[in-house]
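Please read the structure below before turning to the comments.
Numbered from 1 within each chain, the chains take letters A, B, ... in sequence-line order. Heavy-atom basis, side chains included; hydrogens, waters and symmetry copies ignored.
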Amino acid sequence: MLAIPHIKENTTEVIERLTKRGIPAADLINQVMSADEKRRSIQQESDNAAAEMNSISKEIGKLFSSGQTEAANEAKAKTAVLKEKAKQLNEQLQTAEKEMRELLLTIPNVPHSSVPKGVSEEDNKIEKEVGEKPVLPEGTLPHWELAKKYNIFDLELGVKVTGAGFPVFRGKGAKLQRALINFFLEEGIKAGYEEITSPIMINEASGRGTGSLPDKEGQMYYVPADDLYLIPTAEVPITNLYRDVILKEADFPIKMCGYTPCFRREAGSYGAHVRGLNRLHQFDKVEIVQITHPEKSYETHQEMVAYVETLLQKLELPYRILNLCGGDLTFASALTFDLEVWSAAQKRWLEVSSVSNFETFQSNRMKLRYSDANKKKHLAHTLNGSAIALPRIVASLLENNQTPAGIKIPEALQGYTGFAVLD
RNA sequence: GGAGGAAUGGCAGAGCGGUUGAAUGCACUGGUCUUGAAAACCAGCAUACUCGAAAGGGUAUCGGGGGUUCGAAUCCCUCUUCCUCCGCCA
């Protein structure tokens, strides 16, 4: 959620940048501004009415305590009209506030100046491409075939137990999952992130905090009996750890990482690209989250992207980095870099990480602030990134490293798998 | 799931339906003192919105929401959470 004072002070710039997303920004901003103006004037009236009521009540109190009962009762009689007026104004105020908030909630974050213009993924800017795409000999298999060959994971069994998109990993496949999780967590800890094990169900307030609600309710699994959602990413519970918190400047940066399963309904997804592990309802992911001083967040963003790169390098996977264009940016993000690995048998890039700076968009919703040296309160910046989502890493590892003797495990991972070749 | 009890500022903890945004202690910040520190003493110390150039006003907030009342931290309803006991159970 954008902050009203920020919109007021930077109206032209906000509109200009929002336009990059291909939305009618000027209209939306003007609506918000006039809703805010309306709210303010009603608030003034309402506050004045309340102030008047308060002062009369105090008078009455004094009269009663000094024994002037008659005068007190006279004063009481006068309050009825005022009270009604105050009540109505208060109702109007609540309506005006609600209208403004709801309007504000529909406006996505303002893209950073470096975000490319564009409407679809074709307009994303390739920042760099690293590593050699392996040239595989004839007869190489996509990962879903390799899965069968080596009995690593089984989607049909998942269908039996749950439904499509809920894979069952087994044997060395299961061990590989665990190895990757541990590898990512240990690397994260080495990079200074505090490990968090969080709930994997969240309440509505948390969903609103990170911007998953209202927006992605259709993408989240919901448990009506308890009014809870299954998390789509660890970003939600981990970032919400700091909801309603006021930090000190010395607390920055806050760095956290956590492994969780992630649940996504992926309503509307279908087709060839969802085969195998390409798109799932349940998958494992290690997430990194940072909360920073506003002046440091873009530096931090670069640092986080560079960190995810080191993971891909250690896994010896060719990758590229995309700067997502305005139209492809998620609702809450101001800048997102996607990292994609090359999947050699499918011959396509697979997104495995998304590193975003939300600036104050989430912290405004979460009331996540810090106080400066003068005790002034400001919104902090939040960032997060996948480090990394497992399924497509597995897909790419399997495909790129297949040999007649089995799947070669990258050296960095062997200490975690306990085997050098998956066969 | 059943029966009771509780929820007050960073923490602990008072609080009578009336000048209580809220005593007191601790913590924290600044100052005096000190070579320095501690101690002592003095002062300050919630958040949001809003008016104002500022100084400073106004409004709201004592778990959340609603109600009674001229007036609610205090009374009533409701929800949530926590504690104790019972039941169930990985």
Legend entry - More than 12 heavy atoms of other groups within 6.0 Å of A:Glu249 CD: yes

Legend entry - Nucleotides bounding contact with chain A, strand RNA chain B, heavy-atom threshold 4.0 Å: B:rG18 to B:rG71

Inset, instruction - Answer with base, sugar-phosphate or nothing: what part of the nucleic acid does A:Ser57 contact at a heavy-atom distance below 4.0 Å? - result: base

Legend entry - B:rC16 versus B:rC75 - spacing of their C1' atoms, nearest Å: 13 Å

Legend entry - Note: A:Arg101-A:Glu97 ion pair, threshold 4.0 Å (strictly below): no

Inset, instruction - Could you let me know what B:rU81 is paired to, Watson-Crick or G-U wobble, both distances under 3.5 Å, or none if it's on its own? - result: B:rA6

Legend entry - Plane angle bin for A:His301 and A:Phe337 - parallel if under 30°, tilted between 30 and 60°, otherwise perpendicular: perpendicular

Inset, instruction - With RNA chain B as reference, determine whether A:Ala80 or A:Asp47 sits nearer its 5' end, using the nearest nucleotide of each. - result: A:Asp47

Legend entry - Base partner of B:rC16, which must satisfy Watson-Crick or wobble distances under 3.5 Å: none

Inset, instruction - Kindly assign one of parallel, tilted or perpendicular to the pair A:His293 and A:Tyr370, based on the angle between their ring planes and the thresholds 30° and 60°. - result: tilted

Legend entry - Inter-nucleotide C1' distance (B:rC26, B:rA14), Å rounded: 15 Å

Inset, instruction - Quick one: sort the A:Tyr221 and A:Phe263 rings into parallel, tilted or perpendicular, breaks at 30° and 60°. - result: perpendicular

Legend entry - Pairing partner of B:rG1 (Watson-Crick or G-U wobble, both distances under 3.5 Å): B:rC86

Legend entry - Position toward the 5' end of RNA chain B (nearest nucleotide), A:Gly61 or A:Gln43: A:Gly61

Legend entry - Qualifying residues under salt bridge (charged side-chain N to carboxylate O under 4.0 Å, His left out), relative to A:Lys314, sequence neighbours excluded: A:Glu187

Inset, instruction - Could you tell me whether A:Ile56 contacts a base, only the sugar-phosphate backbone, or nothing, with contacts defined as non-hydrogen atoms closer than 4.0 Å? - result: nothing

Inset, instruction - Could you tell me which nucleotide pairs with B:rA53 by Watson-Crick or G-U wobble geometry, both distances under 3.5 Å, or answer none if nothing does? - result: none

Legend entry - P spacing across the pair B:rG17 / B:rG10, given as an integer number of angstrom: 27 Å

Legend entry - Sugar-phosphate, base or nothing in reach of A:Gln44, heavy atoms under 4.0 Å: sugar-phosphate

Legend entry - Distance between P atoms of B:rG4 and B:rU24 (Å, rounded): 38 Å

Legend entry - B:rA54 to B:rA43 separation - P atoms, rounded to the nearest Å: 29 Å

Inset, instruction - With C1' as the reference atom in both, quote the distance from B:rG21 to B:rC42 in angstrom, rounded to an integer. - result: 23 Å

Inset, instruction - Sticking with atom C1', work out how far B:rG57 lies from B:rU69, rounded to a whole angstrom. - result: 28 Å

Inset, instruction - For the residue pair A:Phe153 and A:Phe169, categorise the inter-ring angle as parallel (less than 30°), tilted (30 to 60°) or perpendicular (more than 60°). - result: tilted

Inset, instruction - Any strand is fair game: report the nucleotide pairing with B:rU29 by Watson-Crick or G-U wobble, both distances under 3.5 Å, or none. - result: B:rA43

Inset, instruction - For B:rU34, give its Watson-Crick or G-U wobble partner with both distances under 3.5 Å, or none. - result: none

Inset, instruction - Describe the nucleic acid contact of A:Asn48 in one word from base, sugar-phosphate, nothing, applying a heavy-atom distance below 4.0 Å. - result: nothing

Inset, instruction - Could you tell me whether A:Ala75 contacts a base, only the sugar-phosphate backbone, or nothing, with contacts defined as non-hydrogen atoms closer than 4.0 Å? - result: nothing

Inset, instruction - For B:rA53 versus B:rU34, give the span between their C1' atoms, rounded off to a whole number of Å. - result: 43 Å

Inset, instruction - Using both distances under 3.5 Å as the test, list the Watson-Crick or G-U wobble partner of B:rA48, or none. - result: B:rU59

Inset, instruction - Tell me yes or no: between the side chains of A:Glu145 and A:Gln402, is some donor less than 3.5 Å from an acceptor? - result: no

